[in-house]
There are 2 protein chains.
Amino acid sequence: MGIIERKEREREEMRRLIVDGARHLFVQNGYEKVSIRNIAEAIEYSPATIYLYFKDKNEILYAVHQQAFSKMMEEFRPIFALEDPFERLVEMGRRYINFAVENPELFDIMFIVTAPMEALECREDIWSEGRIAFNMLVQVVQDCIKAGVLHADDAEVAAMMIWSNIHGYTALFLRKRLMMFSEERRQVLMREAFDLFVHTLKKGLQ
Amino acid sequence: MGIIERKEREREEMRRLIVDGARHLFVQNGYEKVSIRNIAEAIEYSPATIYLYFKDKNEILYAVHQQAFSKMMEEFRPIFALEDPFERLVEMGRRYINFAVENPELFDIMFIVTAPMEALECREDIWSEGRIAFNMLVQVVQDCIKAGVLHADDAEVAAMMIWSNIHGYTALFLRKRLMMFSEERRQVLMREAFDLFVHTLKKGLQ
DNA sequence: ATTGTTTACTGAACAGTGTTTAGTACGTTT
DNA sequence: AAACGTACTAAACACTGTTCAGTAAACAAT
């Protein structure tokens, strides 16, 4: 009696169809300009159908947010081939910023928009995607400490400090808070500030 | 013929009434849950009236954003009495974070929500509030360099790096991206990470 | 004082939003 | 073939930002 299995499969397929459609529209038009009706039209179903597969819009955003995390993790993977732990740390920061600049709408949903977090809240779940990614950073920081290139009592505190710095650029940039600089100056500032941070970190945490 | 002057005064008063009402509601209910109709009801005018004084909702948000900047600048003022420039720098960071935690909705409008920036864009204006605040930071950094406590070629780059770090905590916190930590741990992480940054900065940029 | 003109304001509408519900049509089971 | 259960949708609800025709009062000119 493989019917219930097939139904389960079809259900999963439908969820995928919705999330993929939503992600596509988000990336194309920006998250704020996409409505449930837009998504429904894109996948050629009625708006009401979407509510048979997702509780509300926040849940769709959370699903897209999950996909985006997978994509980011994919871009982080090559880092772990690097031997020097400090190189790993620097490269991780570089790729975080790169991901944000090249996938602004996805990054927004992952780290800035509150809606997906609200989907989590009412399930009183912990933000596992964030936790996993942060743990990855903590591990790299710990490797740096072990290798003697960084000195810190609490690796989590050091990781938090580093994450904040890297995240700062992207959050300010994506939310248009570097508007007072020219396109050109913005690029230079972000890159040189990042380099300066790396330099400061190396000297300051020795 | 003081009539046009009086009219101008009344017009300014009305704009104030609207912005104050809007700010009140934003602080109370959070920016996302406030509509033009809510604001209109609060000041006992019809929604259409608001559009006689503001082009659109973004312009109201920009006006609130301006007020919020004044408030923040007020909290920065006492800093300039401090003699040690590095003390000034540290205190500035501390007060930025404090302002964000104590006025989350205002900070959101100032530094995270994109709507007020869109009001600026179509006037092809530069973001003067941001520029002024950033220049203030650059000045303090320059004082640190002059005093020999920080070494950096470009004060703007150093300021950018410092701003990013400080802004990172607040942006992650306000947008619920520190949810994987307990209330308690969150507090400790933010404070200790800030302290670690200050320490790193002092040692790293010497 | 009585016009004409400008100004300030509003009710109602438009096109959109997220979400719910009643009802239909079809696949599955008896 | 009849009964049941599932997948889907049209239509509605209560909202959103915004516009526009119309009204009433304030002002200006006669």
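When reading the values below, keep in mind they use all heavy atoms of this one structure, side chains included, and skip hydrogens, waters and symmetry mates.
Between A/F54 atom CZ and C/dT20 atom P there is a gap of 15 Å when expressed in whole angstrom units. Rounded to a whole Å, the CD atom of B/E41 is 13 Å from the C1' atom of D/dC15. If you measure from atom CD1 of A/I39 to atom P of D/dT9, you get 15 Å, rounded to the nearest angstrom.
B/P85 and B/V140 make their closest contact through O-CG1, 3.8 Å (heavy atoms, listed as atom of the first residue, atom of the second, distance).
Under a cutoff of 6.0 Å and an axis angle of 45°, A/R15 and A/F54 form a cation-pi pair.
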For residues 61-68 of chain A, tabulate all N or O donor-acceptor pairs below 3.5 Å that involve a side-chain atom, not counting sequence neighbours.
{"from": "A/Y62", "atom 1": "OH", "to": "A/E129", "atom 2": "OE1", "distance (Å)": "2.8"}
{"from": "A/Y62", "atom 1": "OH", "to": "A/E129", "atom 2": "OE2", "distance (Å)": "3.3"}
{"from": "A/H65", "atom 1": "ND1", "to": "A/Y62", "atom 2": "O", "distance (Å)": "3.2"}
{"from": "A/H65", "atom 1": "NE2", "to": "A/W127", "atom 2": "NE1", "distance (Å)": "2.8"}
{"from": "A/Q66", "atom 1": "NE2", "to": "A/E129", "atom 2": "OE2", "distance (Å)": "3.0"}
{"from": "A/Q67", "atom 1": "OE1", "to": "A/R23", "atom 2": "NH1", "distance (Å)": "2.4"}
{"from": "A/Q67", "atom 1": "NE2", "to": "A/D20", "atom 2": "OD1", "distance (Å)": "3.0"}

The test is salt bridge (Lys or Arg N to Asp or Glu O under 4.0 Å); show your working for B/R131 and B/E156 and say whether it passes. CA-CA 12 Å; B/R131 179 80 243 184; B/E156 267 202 353; 2.9 Å; yes

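With sequence neighbours excluded, the residues that form a ring-ring contact (aromatic ring centres under 6.0 Å, His included) with B/F134 are A/F181, B/W163.
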Could you spell out the base pairing of DNA chain C as a dot-bracket line? Use Watson-Crick and G-U wobble contacts where both distances are under 3.5 Å, [ ] for crossing pairs, | for partners on a different strand. ||.|||||||||||||||||||||||||.|

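Each side-chain hydrogen bond (donor to acceptor under 3.5 Å, both in side chains) pair with one or both residues in residues 98-111 of chain A, not counting sequence neighbours, appears once here: A/D108-A/R175. Applying the side-chain hydrogen bond (donor to acceptor under 3.5 Å, both in side chains) test to pairs two or more places apart or on separate chains, none has a residue in residues 39-49 of chain A.
Using a distance-only test at 3.5 Å, with no hydrogens or angles considered, no donor-acceptor pair links the side chain of B/N135 to the main chain of B/I132.
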Nucleotide by nucleotide, nucleotides 7-19 of chain C touches protein heavy atoms under 4.0 Å in the pattern (B base, S sugar-phosphate only, - none) --BBB-B---BBB

